[in-house]
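Here is the structure we will look at, set down as structure tokens.
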Amino acid sequence: MYSALLSLLLLLFFAVAFSIQNSEPIILNFFAWTFHGSRAVMLLSALGLGVSLTLLASLPSYIKKSRLIAKQQKTIAALERSVAELTNPPSNT
């Protein structure tokens, strides 16, 4: 609990220090678009866009793995039922 709070406060400190040290205004040209803003906002926006694109690119692999895990869990459950039936045959009385 305390380590998570300490980590959050440390991250917040570095974010504020980064913003203060990189507050000068810049102009960013990208093809026909022009963006005006502080350097910190532009850098953090680029970081956020990079993280978002990385998550989006890894989404198909995550979905494929989760489907495979679900299929294997169904197979395991069916095999466990088969083993249970073979080790405990029904008694005819």
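These numbers were taken from a predicted model, which means no experiment stands behind them.
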| Taking a hydrophobic cluster as the set of Ile, Leu, Val, Met, Phe, Trp and Tyr residues connected by side-chain heavy atoms closer than 4.5 Å, whether directly or through intermediates, do Phe13 and Tyr2 fall within one such cluster? |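 Each belongs to a different hydrophobic cluster.
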
For the atom pair [atom1] ([X]) and [atom2] ([Y]), what is the distance rounded to the nearest 0.5 Å?
X: Leu12; Y: Ser7; atom1: CG; atom2: OG; result: 12.5 Å
X: Leu11; Y: Phe14; atom1: CG; atom2: CZ; result: 9.0 Å
X: Leu28; Y: Thr34; atom1: CG; atom2: OG1; result: 8.5 Å

| request: Output all residues satisfying side-chain hydrogen bond (donor to acceptor under 3.5 Å, both in side chains) with Asn88, sequence neighbours left out; order by chain, then residue number. | output: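 Asn88: no side-chain hydrogen bond (donor to acceptor under 3.5 Å, both in side chains) contacts found.
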
Would you name the heavy atoms of [X] and [Y] that are closest together and state the gap between them?
X: Ser19; Y: Ala40; answer: CA-CB, 3.9 Å
X: Met42; Y: His36; answer: CE-C, 3.7 Å
X: Pro60; Y: Leu56; answer: CD-O, 3.6 Å

| query | How are the rings of Phe30 and Trp33 set to each other: parallel, tilted or perpendicular (split at 30° and 60°)? | reply |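 The arrangement is parallel - the two ring planes meet at less than 30°.
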
| message | As a quick check of understanding, evaluate side-chain contact (heavy atoms from CB on, under 4.5 Å) for Phe18 and Leu43, giving each step before the final call. | response | CA-CA 10 Å; Phe18 177 79; Leu43 289 173; 3.5 Å; yes

| request: May I ask you to test the Leu6-Ser3 pair for a side-chain heavy-atom distance under 4.5 Å? | output: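 SC-SC contact between Leu6 and Ser3 ruled out.
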
Anything under 3.5 Å between a donor and an acceptor, one on a side chain of residues 77-87, the other on a protein residue two or more places apart or in another chain? List them.
from	atom 1	to	atom 2	distance (Å)
Ser82	OG	Ala78	O	3.1
Thr87	OG1	Val83	O	3.0
Thr87	OG1	Ala84	O	3.3

